[in-house]
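Notes for the one structure printed next.
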Number of protein chains: 2
Amino acid sequence: MSHHDIELLSHDCGDCPIRHRAVCARCDSDELSRLEQIKYYRSFQVGQTVVWSGDRMDFVASVVSGIATLTQTMEDGRRQMVGLLLPSDFVGRPGRSIAAYDVTATTDLVMCCFRKKPFEDLIARTPHVAQRLLEMTLDELDAAREWMLLLGRKTAREKIASLLAIIARRDASLKLRTAKGALAFDLPLTREEMADYLGLTLETVSRQMSALKRDGMIQLEGKRHVIIPDFDALTELTGDDSDGGFLV
Amino acid sequence: MSHHDIELLSHDCGDCPIRHRAVCARCDSDELSRLEQIKYYRSFQVGQTVVWSGDRMDFVASVVSGIATLTQTMEDGRRQMVGLLLPSDFVGRPGRSIAAYDVTATTDLVMCCFRKKPFEDLIARTPHVAQRLLEMTLDELDAAREWMLLLGRKTAREKIASLLAIIARRDASLKLRTAKGALAFDLPLTREEMADYLGLTLETVSRQMSALKRDGMIQLEGKRHVIIPDFDALTELTGDDSDGGFLV
DNA sequence: CGGCACATTGAAGGCCATCAACTATTGTGG
DNA sequence: CCACAATAGTTGATGGCCTTCAATGTGCCG
(Lines give C-alpha, C1' and ligand atoms only; values in the text may rest on other atoms or scores of the structure.)
Protein backbone atom coordinates (compact mmCIF):
# COMPACT_ATOMS: atom_id res chain seq x y z
CA MET A 1 0.00 0.00 0.00
CA SER A 2 1.39 3.38 -0.93
CA HIS A 3 1.67 6.25 1.51
CA HIS A 4 -0.24 8.75 -0.53
CA ASP A 5 -2.88 10.77 1.27
CA ILE A 6 -5.38 10.08 -1.41
CA GLU A 7 -6.04 6.53 -2.40
CA LEU A 8 -8.23 5.93 -5.34
CA LEU A 9 -9.73 2.64 -4.33
CA SER A 10 -12.50 1.34 -6.46
CA HIS A 11 -15.44 0.12 -4.44
CA ASP A 12 -18.92 -0.78 -5.36
CA CYS A 13 -21.46 0.88 -3.06
CA GLY A 14 -23.37 -2.40 -3.00
CA ASP A 15 -20.49 -4.08 -1.15
CA CYS A 16 -19.86 -1.15 1.17
CA PRO A 17 -19.70 -2.14 4.85
CA ILE A 18 -21.58 1.01 5.89
CA ARG A 19 -24.14 0.92 3.11
CA HIS A 20 -27.08 0.35 5.46
CA ARG A 21 -26.14 2.87 8.16
CA ALA A 22 -24.47 5.82 6.45
CA VAL A 23 -25.94 8.90 4.86
CA CYS A 24 -26.71 6.79 1.79
CA ALA A 25 -28.71 4.21 3.75
CA ARG A 26 -32.10 5.17 2.34
CA CYS A 27 -31.03 5.69 -1.23
CA ASP A 28 -32.67 3.77 -4.04
CA SER A 29 -30.42 2.43 -6.79
CA ASP A 30 -30.86 5.56 -8.89
CA GLU A 31 -29.83 7.90 -6.08
CA LEU A 32 -26.99 5.60 -5.18
CA SER A 33 -25.53 5.69 -8.66
CA ARG A 34 -25.61 9.48 -8.58
CA LEU A 35 -23.72 9.41 -5.29
CA GLU A 36 -21.34 6.86 -6.70
CA GLN A 37 -20.41 9.25 -9.49
CA ILE A 38 -19.17 11.96 -7.15
CA LYS A 39 -17.55 9.87 -4.45
CA TYR A 40 -13.87 9.17 -3.88
CA TYR A 41 -11.95 7.48 -1.08
CA ARG A 42 -9.23 8.91 1.11
CA SER A 43 -7.08 7.05 3.60
CA PHE A 44 -5.33 8.45 6.64
CA GLN A 45 -2.82 6.93 9.00
CA VAL A 46 -3.05 6.94 12.78
CA GLY A 47 -2.51 10.42 14.11
CA GLN A 48 -2.91 12.19 10.79
CA THR A 49 -5.03 15.31 10.71
CA VAL A 50 -7.90 15.23 8.24
CA VAL A 51 -8.56 18.98 8.49
CA TRP A 52 -7.65 21.77 10.86
CA SER A 53 -10.28 23.96 12.43
CA GLY A 54 -10.51 27.17 10.42
CA ASP A 55 -9.19 25.60 7.23
CA ARG A 56 -11.13 25.39 4.02
CA MET A 57 -12.94 22.05 3.72
CA ASP A 58 -14.40 21.47 0.31
CA PHE A 59 -15.76 18.02 0.92
CA VAL A 60 -18.05 16.10 3.21
CA ALA A 61 -17.50 12.45 4.03
CA SER A 62 -18.58 9.24 5.69
CA VAL A 63 -16.22 7.21 7.83
CA VAL A 64 -15.91 3.82 6.14
CA SER A 65 -13.51 2.20 8.59
CA GLY A 66 -11.44 3.38 11.53
CA ILE A 67 -12.14 6.14 14.01
CA ALA A 68 -11.78 9.90 13.85
CA THR A 69 -12.28 12.61 16.44
CA LEU A 70 -13.52 16.18 16.41
CA THR A 71 -11.73 18.42 18.89
CA GLN A 72 -11.77 22.06 19.90
CA THR A 73 -8.69 23.78 21.23
CA MET A 74 -8.50 26.93 23.34
CA GLU A 75 -5.78 29.52 22.90
CA ASP A 76 -3.78 28.21 25.85
CA GLY A 77 -3.94 24.65 24.60
CA ARG A 78 -6.81 23.20 26.61
CA ARG A 79 -8.52 20.64 24.42
CA GLN A 80 -11.99 19.14 24.41
CA MET A 81 -13.16 16.38 22.16
CA VAL A 82 -16.62 17.17 20.82
CA GLY A 83 -17.18 14.28 18.46
CA LEU A 84 -16.15 10.66 18.12
CA LEU A 85 -16.69 9.44 14.58
CA LEU A 86 -17.21 5.74 14.03
CA PRO A 87 -17.79 3.86 10.78
CA SER A 88 -20.89 5.24 9.00
CA ASP A 89 -20.69 8.60 10.81
CA PHE A 90 -20.77 11.74 8.74
CA VAL A 91 -18.24 14.61 8.75
CA GLY A 92 -18.71 18.09 7.45
CA ARG A 93 -21.60 20.42 7.08
CA PRO A 94 -23.47 21.15 3.90
CA GLY A 95 -23.47 24.91 3.41
CA ARG A 96 -20.23 25.52 5.26
CA SER A 97 -16.82 25.70 3.64
CA ILE A 98 -14.69 26.28 6.74
CA ALA A 99 -14.06 23.46 9.22
CA ALA A 100 -15.27 24.28 12.73
CA TYR A 101 -13.19 21.61 14.46
CA ASP A 102 -9.96 19.70 14.12
CA VAL A 103 -10.64 16.30 12.58
CA THR A 104 -8.02 13.68 13.42
CA ALA A 105 -7.59 10.01 12.61
CA THR A 106 -7.11 8.10 15.89
CA THR A 107 -6.73 4.83 14.02
CA ASP A 108 -6.01 4.15 10.39
CA LEU A 109 -8.96 5.62 8.64
CA VAL A 110 -10.80 5.35 5.34
CA MET A 111 -13.35 7.93 4.36
CA CYS A 112 -15.82 8.07 1.52
CA CYS A 113 -15.73 11.68 0.38
CA PHE A 114 -18.03 13.83 -1.72
CA ARG A 115 -17.00 17.21 -3.03
CA LYS A 116 -19.24 19.66 -1.26
CA LYS A 117 -20.84 21.43 -4.19
CA PRO A 118 -22.09 18.34 -6.03
CA PHE A 119 -23.21 16.86 -2.72
CA GLU A 120 -25.23 19.95 -1.88
CA ASP A 121 -26.86 19.90 -5.26
CA LEU A 122 -27.63 16.27 -4.70
CA ILE A 123 -29.32 16.63 -1.32
CA ALA A 124 -31.42 19.45 -2.72
CA ARG A 125 -32.78 16.98 -5.26
CA THR A 126 -32.76 13.58 -3.57
CA PRO A 127 -34.93 13.63 -0.45
CA HIS A 128 -33.65 10.30 0.89
CA VAL A 129 -30.17 11.65 1.50
CA ALA A 130 -31.50 14.76 3.22
CA GLN A 131 -33.87 12.68 5.36
CA ARG A 132 -31.15 10.32 6.45
CA LEU A 133 -28.82 13.22 7.18
CA LEU A 134 -31.45 14.84 9.38
CA GLU A 135 -31.97 11.60 11.25
CA MET A 136 -28.23 11.17 11.78
CA THR A 137 -27.83 14.77 12.91
CA LEU A 138 -30.62 14.38 15.44
CA ASP A 139 -28.91 11.25 16.76
CA GLU A 140 -25.67 13.16 17.09
CA LEU A 141 -27.45 15.94 18.94
CA ASP A 142 -28.86 13.42 21.41
CA ALA A 143 -25.40 11.96 21.89
CA ALA A 144 -23.98 15.44 22.42
CA ARG A 145 -26.57 16.14 25.13
CA GLU A 146 -25.80 12.89 26.90
CA TRP A 147 -22.16 13.91 26.72
CA MET A 148 -23.00 17.32 28.21
CA LEU A 149 -24.49 15.64 31.26
CA LEU A 150 -21.32 13.61 31.60
CA LEU A 151 -19.07 16.66 31.30
CA GLY A 152 -21.10 18.89 33.59
CA ARG A 153 -22.18 16.60 36.38
CA LYS A 154 -20.41 13.26 36.51
CA THR A 155 -17.44 12.38 38.72
CA ALA A 156 -14.19 11.13 37.23
CA ARG A 157 -15.10 7.56 38.09
CA GLU A 158 -18.54 7.86 36.52
CA LYS A 159 -17.01 9.45 33.43
CA ILE A 160 -14.59 6.57 32.91
CA ALA A 161 -17.28 3.97 33.51
CA SER A 162 -19.55 5.77 31.05
CA LEU A 163 -16.92 5.89 28.34
CA LEU A 164 -16.06 2.23 28.76
CA ALA A 165 -19.76 1.37 28.62
CA ILE A 166 -20.22 3.40 25.44
CA ILE A 167 -17.29 1.76 23.71
CA ALA A 168 -18.29 -1.70 24.93
CA ARG A 169 -21.82 -1.22 23.64
CA ARG A 170 -20.83 -0.04 20.19
CA ASP A 171 -18.24 -2.81 19.97
CA ALA A 172 -20.87 -5.38 20.92
CA SER A 173 -23.29 -4.03 18.33
CA LEU A 174 -20.53 -4.20 15.73
CA LYS A 175 -20.04 -7.87 16.58
CA LEU A 176 -23.82 -8.32 16.49
CA ARG A 177 -24.03 -9.14 20.17
CA THR A 178 -25.84 -7.54 23.06
CA ALA A 179 -23.87 -5.76 25.78
CA LYS A 180 -24.32 -8.23 28.62
CA GLY A 181 -22.25 -10.36 30.95
CA ALA A 182 -18.56 -10.53 30.05
CA LEU A 183 -17.15 -8.41 27.22
CA ALA A 184 -13.74 -7.62 25.79
CA PHE A 185 -12.55 -4.99 23.33
CA ASP A 186 -9.63 -2.80 22.31
CA LEU A 187 -9.67 0.81 23.37
CA PRO A 188 -9.49 2.98 20.27
CA LEU A 189 -8.21 5.93 22.32
CA THR A 190 -5.03 6.76 24.20
CA ARG A 191 -5.28 7.92 27.80
CA GLU A 192 -4.87 11.49 26.62
CA GLU A 193 -7.66 11.13 24.08
CA MET A 194 -9.86 9.62 26.75
CA ALA A 195 -9.07 12.63 28.92
CA ASP A 196 -9.97 14.99 26.07
CA TYR A 197 -13.23 13.15 25.64
CA LEU A 198 -14.10 13.28 29.33
CA GLY A 199 -12.88 16.72 30.35
CA LEU A 200 -10.20 15.27 32.62
CA THR A 201 -6.41 15.11 32.72
CA LEU A 202 -4.67 12.01 31.46
CA GLU A 203 -3.33 11.37 34.96
CA THR A 204 -6.83 11.24 36.39
CA VAL A 205 -7.88 8.86 33.62
CA SER A 206 -4.95 6.61 34.39
CA ARG A 207 -5.65 6.65 38.13
CA GLN A 208 -9.32 5.85 37.65
CA MET A 209 -8.52 3.03 35.23
CA SER A 210 -6.19 1.58 37.86
CA ALA A 211 -8.88 1.99 40.49
CA LEU A 212 -11.44 0.15 38.35
CA LYS A 213 -8.88 -2.59 37.85
CA ARG A 214 -8.19 -2.81 41.60
CA ASP A 215 -11.93 -3.07 42.23
CA GLY A 216 -12.28 -5.89 39.71
CA MET A 217 -14.58 -3.92 37.43
CA ILE A 218 -12.16 -4.29 34.52
CA GLN A 219 -9.06 -6.26 33.61
CA LEU A 220 -6.32 -4.92 31.37
CA GLU A 221 -4.13 -6.82 28.94
CA GLY A 222 -1.48 -4.42 27.81
CA LYS A 223 -2.59 -0.80 27.76
CA ARG A 224 -5.38 -1.10 25.28
CA HIS A 225 -7.20 -4.40 25.66
CA VAL A 226 -10.02 -4.20 28.18
CA ILE A 227 -11.99 -7.09 29.67
CA ILE A 228 -15.23 -6.34 31.45
CA PRO A 229 -16.23 -9.36 33.53
CA ASP A 230 -19.68 -8.00 34.38
CA PHE A 231 -21.15 -5.33 32.16
CA ASP A 232 -24.13 -4.65 34.43
CA ALA A 233 -21.81 -3.99 37.36
CA LEU A 234 -19.94 -1.45 35.26
CA THR A 235 -23.20 0.18 34.20
CA GLU A 236 -24.02 0.70 37.86
CA LEU A 237 -21.01 2.98 38.10
CA THR A 238 -22.02 5.29 35.27
CA GLY A 239 -24.63 7.10 37.35
CA ASP A 240 -27.17 6.69 34.54
CA ASP A 241 -30.72 5.56 34.97
CA SER A 242 -30.83 1.79 35.04
CA ASP A 243 -33.95 1.66 32.86
CA GLY A 244 -31.93 2.81 29.85
CA GLY A 245 -34.43 5.01 28.01
CA PHE A 246 -36.52 3.44 25.31
CA LEU A 247 -37.02 6.41 23.09
CA VAL A 248 -39.17 5.49 20.17
CA MET B 1 -56.08 36.49 30.17
CA SER B 2 -57.30 33.15 31.40
CA HIS B 3 -55.13 30.66 33.17
CA HIS B 4 -55.84 27.73 30.95
CA ASP B 5 -52.90 25.67 29.82
CA ILE B 6 -54.09 25.74 26.30
CA GLU B 7 -54.88 29.04 24.71
CA LEU B 8 -56.45 29.02 21.34
CA LEU B 9 -55.05 32.24 20.02
CA SER B 10 -55.67 32.94 16.41
CA HIS B 11 -52.61 34.16 14.63
CA ASP B 12 -51.83 34.64 11.01
CA CYS B 13 -48.48 33.10 10.11
CA GLY B 14 -47.78 36.17 8.03
CA ASP B 15 -47.66 38.31 11.19
CA CYS B 16 -45.73 35.79 13.22
CA PRO B 17 -42.66 37.26 14.94
CA ILE B 18 -40.60 34.14 14.23
CA ARG B 19 -41.83 33.64 10.68
CA HIS B 20 -38.39 34.27 9.13
CA ARG B 21 -36.29 32.24 11.56
CA ALA B 22 -38.36 29.23 12.62
CA VAL B 23 -38.82 25.85 11.02
CA CYS B 24 -41.28 27.46 8.63
CA ALA B 25 -38.82 30.09 7.44
CA ARG B 26 -38.33 28.67 3.96
CA CYS B 27 -41.93 27.78 3.27
CA ASP B 28 -43.74 29.15 0.27
CA SER B 29 -47.32 30.28 0.77
CA ASP B 30 -48.69 26.88 -0.19
CA GLU B 31 -46.55 25.03 2.34
CA LEU B 32 -47.32 27.67 4.94
CA SER B 33 -51.03 27.23 4.61
CA ARG B 34 -50.65 23.50 5.09
CA LEU B 35 -48.67 24.16 8.27
CA GLU B 36 -51.27 26.68 9.34
CA GLN B 37 -53.96 24.03 9.17
CA ILE B 38 -52.31 21.78 11.71
CA LYS B 39 -50.87 24.34 14.12
CA TYR B 40 -52.21 25.41 17.50
CA TYR B 41 -50.82 27.62 20.26
CA ARG B 42 -50.11 26.71 23.85
CA SER B 43 -49.10 29.06 26.66
CA PHE B 44 -47.19 28.23 29.81
CA GLN B 45 -46.44 30.25 32.89
CA VAL B 46 -43.03 30.71 34.46
CA GLY B 47 -41.87 27.49 36.03
CA GLN B 48 -44.44 25.29 34.36
CA THR B 49 -43.27 22.02 32.89
CA VAL B 50 -44.06 21.53 29.21
CA VAL B 51 -43.23 17.82 29.27
CA TRP B 52 -41.38 15.43 31.56
CA SER B 53 -38.59 13.26 30.28
CA GLY B 54 -39.97 9.80 29.56
CA ASP B 55 -43.51 11.04 29.00
CA ARG B 56 -45.39 10.66 25.79
CA MET B 57 -45.05 13.77 23.62
CA ASP B 58 -47.36 13.76 20.65
CA PHE B 59 -46.44 17.16 19.27
CA VAL B 60 -43.47 19.16 18.10
CA ALA B 61 -43.32 22.93 18.49
CA SER B 62 -41.60 26.23 17.87
CA VAL B 63 -41.00 28.71 20.67
CA VAL B 64 -42.90 31.86 19.69
CA SER B 65 -42.06 33.99 22.72
CA GLY B 66 -40.37 33.39 26.07
CA ILE B 67 -37.67 30.94 27.00
CA ALA B 68 -37.69 27.22 27.73
CA THR B 69 -34.99 24.85 28.87
CA LEU B 70 -34.14 21.21 28.25
CA THR B 71 -32.66 19.46 31.28
CA GLN B 72 -31.47 16.00 32.18
CA THR B 73 -31.66 14.72 35.73
CA MET B 74 -29.67 11.90 37.30
CA GLU B 75 -31.15 9.49 39.80
CA ASP B 76 -29.64 11.32 42.75
CA GLY B 77 -30.94 14.68 41.57
CA ARG B 78 -27.92 16.14 39.83
CA ARG B 79 -29.21 18.25 36.96
CA GLN B 80 -27.66 19.46 33.73
CA MET B 81 -29.29 21.82 31.29
CA VAL B 82 -28.72 20.57 27.73
CA GLY B 83 -30.74 23.08 25.76
CA LEU B 84 -31.82 26.69 26.03
CA LEU B 85 -34.74 27.38 23.72
CA LEU B 86 -35.24 30.92 22.50
CA PRO B 87 -37.93 32.28 20.22
CA SER B 88 -37.90 30.43 16.87
CA ASP B 89 -36.16 27.38 18.35
CA PHE B 90 -37.69 23.97 17.74
CA VAL B 91 -38.66 21.35 20.33
CA GLY B 92 -39.31 17.69 19.77
CA ARG B 93 -38.05 15.13 17.39
CA PRO B 94 -39.89 13.81 14.37
CA GLY B 95 -40.02 10.05 14.63
CA ARG B 96 -39.91 9.95 18.41
CA SER B 97 -42.94 9.85 20.65
CA ILE B 98 -41.24 9.87 24.06
CA ALA B 99 -39.60 13.02 25.39
CA ALA B 100 -35.90 12.58 26.09
CA TYR B 101 -35.58 15.63 28.36
CA ASP B 102 -37.59 17.73 30.77
CA VAL B 103 -38.85 20.82 28.99
CA THR B 104 -39.57 23.74 31.31
CA ALA B 105 -40.77 27.31 30.83
CA THR B 106 -38.29 29.66 32.54
CA THR B 107 -40.34 32.68 31.54
CA ASP B 108 -43.92 32.93 30.38
CA LEU B 109 -43.92 30.99 27.17
CA VAL B 110 -45.95 30.67 23.99
CA MET B 111 -45.36 27.78 21.65
CA CYS B 112 -46.65 27.06 18.18
CA CYS B 113 -47.40 23.34 18.22
CA PHE B 114 -47.97 20.76 15.51
CA ARG B 115 -49.32 17.32 16.24
CA LYS B 116 -46.54 14.96 15.44
CA LYS B 117 -48.19 12.69 12.93
CA PRO B 118 -49.43 15.38 10.54
CA PHE B 119 -46.12 17.20 10.91
CA GLU B 120 -44.17 14.09 9.97
CA ASP B 121 -46.34 13.55 6.94
CA LEU B 122 -45.77 17.14 6.03
CA ILE B 123 -41.97 17.10 6.19
CA ALA B 124 -41.97 13.96 4.09
CA ARG B 125 -43.73 15.94 1.38
CA THR B 126 -42.52 19.54 1.71
CA PRO B 127 -38.75 19.72 1.30
CA HIS B 128 -38.46 23.28 2.59
CA VAL B 129 -39.50 22.33 6.11
CA ALA B 130 -37.12 19.38 6.16
CA GLN B 131 -34.28 21.52 4.81
CA ARG B 132 -34.82 24.22 7.38
CA LEU B 133 -35.07 21.65 10.15
CA LEU B 134 -31.76 20.12 9.10
CA GLU B 135 -30.14 23.53 9.10
CA MET B 136 -31.50 24.33 12.56
CA THR B 137 -30.44 20.96 13.92
CA LEU B 138 -26.91 21.47 12.60
CA ASP B 139 -26.83 24.87 14.30
CA GLU B 140 -27.95 23.29 17.54
CA LEU B 141 -25.26 20.66 17.22
CA ASP B 142 -22.63 23.37 16.80
CA ALA B 143 -23.99 25.16 19.87
CA ALA B 144 -23.94 21.90 21.83
CA ARG B 145 -20.29 21.38 20.91
CA GLU B 146 -19.36 24.88 21.98
CA TRP B 147 -21.18 24.13 25.21
CA MET B 148 -19.21 20.89 25.64
CA LEU B 149 -15.96 22.85 25.53
CA LEU B 150 -17.34 25.14 28.19
CA LEU B 151 -18.44 22.26 30.43
CA GLY B 152 -15.31 20.20 30.02
CA ARG B 153 -12.53 22.74 30.08
CA LYS B 154 -13.51 26.20 31.26
CA THR B 155 -13.07 27.60 34.77
CA ALA B 156 -16.04 28.90 36.75
CA ARG B 157 -15.11 32.47 35.89
CA GLU B 158 -14.83 31.69 32.19
CA LYS B 159 -18.12 29.83 32.29
CA ILE B 160 -19.97 32.80 33.79
CA ALA B 161 -18.35 35.25 31.37
CA SER B 162 -19.27 32.96 28.47
CA LEU B 163 -22.90 32.70 29.54
CA LEU B 164 -23.21 36.45 29.98
CA ALA B 165 -21.63 36.99 26.57
CA ILE B 166 -24.03 34.51 24.95
CA ILE B 167 -27.07 36.16 26.48
CA ALA B 168 -25.78 39.65 25.71
CA ARG B 169 -25.19 38.71 22.09
CA ARG B 170 -28.57 37.19 21.51
CA ASP B 171 -30.23 40.11 23.30
CA ALA B 172 -28.34 42.55 21.09
CA SER B 173 -29.34 40.69 17.94
CA LEU B 174 -32.95 40.73 19.13
CA LYS B 175 -32.72 44.52 19.45
CA LEU B 176 -31.03 44.63 16.04
CA ARG B 177 -27.77 45.89 17.47
CA THR B 178 -24.25 44.54 17.47
CA ALA B 179 -22.69 43.31 20.70
CA LYS B 180 -20.17 46.09 21.30
CA GLY B 181 -19.26 48.67 23.92
CA ALA B 182 -21.85 49.01 26.69
CA LEU B 183 -24.83 46.65 26.91
CA ALA B 184 -27.65 45.96 29.32
CA PHE B 185 -30.17 43.15 29.57
CA ASP B 186 -32.28 41.09 31.93
CA LEU B 187 -31.07 37.65 32.85
CA PRO B 188 -33.71 35.11 31.84
CA LEU B 189 -32.32 32.57 34.32
CA THR B 190 -32.15 32.24 38.09
CA ARG B 191 -28.79 31.57 39.72
CA GLU B 192 -29.75 27.92 40.00
CA GLU B 193 -30.65 27.71 36.32
CA MET B 194 -27.37 29.38 35.44
CA ALA B 195 -25.64 26.75 37.56
CA ASP B 196 -27.51 23.97 35.74
CA TYR B 197 -26.47 25.48 32.43
CA LEU B 198 -22.82 25.75 33.43
CA GLY B 199 -22.26 22.59 35.44
CA LEU B 200 -21.66 24.53 38.66
CA THR B 201 -23.41 25.02 41.98
CA LEU B 202 -25.57 28.06 42.53
CA GLU B 203 -23.18 29.26 45.25
CA THR B 204 -20.27 29.29 42.83
CA VAL B 205 -22.39 31.18 40.30
CA SER B 206 -23.28 33.75 42.93
CA ARG B 207 -19.68 34.15 44.04
CA GLN B 208 -18.40 34.57 40.50
CA MET B 209 -21.10 37.11 39.71
CA SER B 210 -20.02 39.05 42.79
CA ALA B 211 -16.40 38.78 41.71
CA LEU B 212 -17.19 40.11 38.23
CA LYS B 213 -19.06 42.97 39.89
CA ARG B 214 -16.11 43.73 42.19
CA ASP B 215 -13.79 43.76 39.18
CA GLY B 216 -16.04 46.19 37.34
CA MET B 217 -16.79 43.77 34.52
CA ILE B 218 -20.52 43.95 35.22
CA GLN B 219 -22.95 46.02 37.26
CA LEU B 220 -26.13 44.63 38.78
CA GLU B 221 -29.45 46.39 39.31
CA GLY B 222 -31.53 44.07 41.40
CA LYS B 223 -30.74 40.43 40.88
CA ARG B 224 -31.60 40.15 37.25
CA HIS B 225 -30.67 43.31 35.39
CA VAL B 226 -27.08 43.20 34.15
CA ILE B 227 -25.07 46.09 32.73
CA ILE B 228 -21.90 45.32 30.83
CA PRO B 229 -19.82 48.51 30.51
CA ASP B 230 -17.33 46.97 28.07
CA PHE B 231 -18.37 43.94 26.12
CA ASP B 232 -14.92 43.33 24.66
CA ALA B 233 -13.41 43.24 28.14
CA LEU B 234 -15.96 40.60 29.13
CA THR B 235 -15.21 38.60 26.00
CA GLU B 236 -11.55 38.48 27.06
CA LEU B 237 -12.63 36.51 30.12
CA THR B 238 -14.44 33.78 28.21
CA GLY B 239 -11.24 32.04 27.14
CA ASP B 240 -12.52 31.88 23.56
CA ASP B 241 -10.53 32.78 20.49
CA SER B 242 -10.72 36.49 19.91
CA ASP B 243 -11.10 36.09 16.15
CA GLY B 244 -14.60 34.70 16.67
CA GLY B 245 -14.91 32.10 13.95
CA PHE B 246 -16.34 33.13 10.63
CA LEU B 247 -17.84 29.87 9.55
CA VAL B 248 -19.38 30.20 6.13
C1' DC C 1 20.88 -0.79 23.60
C1' DG C 2 19.13 3.87 23.75
C1' DG C 3 15.45 6.76 22.44
C1' DC C 4 10.79 7.74 22.27
C1' DA C 5 5.90 7.62 23.13
C1' DC C 6 2.66 6.16 26.23
C1' DA C 7 1.30 5.10 30.80
C1' DT C 8 1.49 4.76 35.89
C1' DT C 9 2.14 6.49 40.40
C1' DG C 10 3.25 9.95 44.04
C1' DA C 11 2.99 14.50 46.49
C1' DA C 12 1.11 18.94 47.00
C1' DG C 13 -2.11 22.44 46.19
C1' DG C 14 -6.10 24.93 44.21
C1' DC C 15 -10.68 25.27 42.63
C1' DC C 16 -15.05 24.35 43.44
C1' DA C 17 -18.64 21.73 46.24
C1' DT C 18 -20.79 21.28 50.52
C1' DC C 19 -22.80 22.83 54.64
C1' DA C 20 -24.44 26.67 56.99
C1' DA C 21 -25.83 31.32 58.32
C1' DC C 22 -27.58 35.42 56.90
C1' DT C 23 -29.90 39.08 53.77
C1' DA C 24 -33.30 40.73 50.49
C1' DT C 25 -37.59 40.60 48.23
C1' DT C 26 -42.19 39.16 47.47
C1' DG C 27 -46.57 37.69 48.57
C1' DT C 28 -50.14 36.16 51.86
C1' DG C 29 -53.31 35.93 55.54
C1' DG C 30 -54.75 37.63 59.93
C1' DC D 1 -51.08 47.21 57.36
C1' DC D 2 -47.96 44.43 59.43
C1' DA D 3 -46.15 39.91 60.64
C1' DC D 4 -44.61 36.05 58.76
C1' DA D 5 -43.35 32.66 55.63
C1' DA D 6 -41.46 31.43 51.38
C1' DT D 7 -38.31 32.13 47.65
C1' DA D 8 -34.03 33.81 45.81
C1' DG D 9 -29.52 35.29 46.53
C1' DT D 10 -25.16 36.32 49.13
C1' DT D 11 -21.34 35.24 51.89
C1' DG D 12 -18.31 32.42 54.97
C1' DA D 13 -15.78 28.16 56.53
C1' DT D 14 -14.17 23.78 55.47
C1' DG D 15 -12.97 19.86 52.89
C1' DG D 16 -12.52 16.83 48.91
C1' DC D 17 -11.81 15.90 44.16
C1' DC D 18 -9.16 16.61 40.61
C1' DT D 19 -5.22 19.19 38.64
C1' DT D 20 -0.46 20.15 38.48
C1' DC D 21 4.24 18.99 38.69
C1' DA D 22 7.41 15.38 38.92
C1' DA D 23 9.49 10.87 38.81
C1' DT D 24 9.26 6.26 37.42
C1' DG D 25 7.76 2.33 34.58
C1' DT D 26 6.82 -0.14 30.14
C1' DG D 27 6.79 -1.54 25.43
C1' DC D 28 8.34 -0.71 20.79
C1' DC D 29 11.40 0.27 16.98
C1' DG D 30 15.43 1.82 14.62
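Every chain is numbered from 1, with letters handed out A, B, ... down the list of sequences. This is a predicted model, so every value here is computed, not measured.
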May I ask you to say what [X] touches in the nucleic acid, namely base, sugar-phosphate or nothing, with a heavy-atom cut-off under 4.0 Å?
{"X": "A:R153", "result": "nothing"}
{"X": "B:L202", "result": "base"}
{"X": "A:G47", "result": "nothing"}
{"X": "B:R224", "result": "sugar-phosphate"}
{"X": "B:S210", "result": "sugar-phosphate"}

What integer distance in Å separates [X]:[atom1] from [N]:[atom2]?
{"X": "B:L200", "N": "D:dC17", "atom1": "CG", "atom2": "P", "answer": "18 Å"}
{"X": "B:R79", "N": "C:dA17", "atom1": "CZ", "atom2": "P", "answer": "16 Å"}
{"X": "B:R78", "N": "C:dA17", "atom1": "CZ", "atom2": "C1'", "answer": "12 Å"}
{"X": "B:E203", "N": "D:dA13", "atom1": "CD", "atom2": "P", "answer": "15 Å"}
{"X": "A:D196", "N": "D:dT19", "atom1": "CG", "atom2": "P", "answer": "12 Å"}
{"X": "B:E158", "N": "C:dC15", "atom1": "CD", "atom2": "P", "answer": "12 Å"}
{"X": "B:K223", "N": "D:dT11", "atom1": "NZ", "atom2": "P", "answer": "9 Å"}
{"X": "B:L198", "N": "C:dC16", "atom1": "CG", "atom2": "C1'", "answer": "13 Å"}

Taking only side-chain N and O atoms of B:T204, does any of them lie within less than 4.0 angstrom of OP1 or OP2 on C:dC16?
no
Can you list the steps and then say if A:M148 with B:Q72 is a side chain to side chain contact (heavy atoms under 4.5 Å, CB included)?
CA-CA 9 Å; A:M148 285 170 59; B:Q72 296 211 56; over 6 Å; no
Relative to the 5' end of DNA chain D, which residue comes earlier, B:R207 or B:T190, by the nucleotide with the nearest heavy atom?
B:T190
Ignoring hydrogens and geometry, is there a side-chain-to-backbone donor-acceptor pair from B:R21 to B:S88 under 3.5 Å?
no
Just verifying a value: how many Å separate B:Q48 CD and B:S43 OG, rounded to the nearest 0.5 Å?
9.5 Å
Nearest-0.5 Å distance, OG1 of residue A:T238 to CG of residue A:L163
12.0 Å
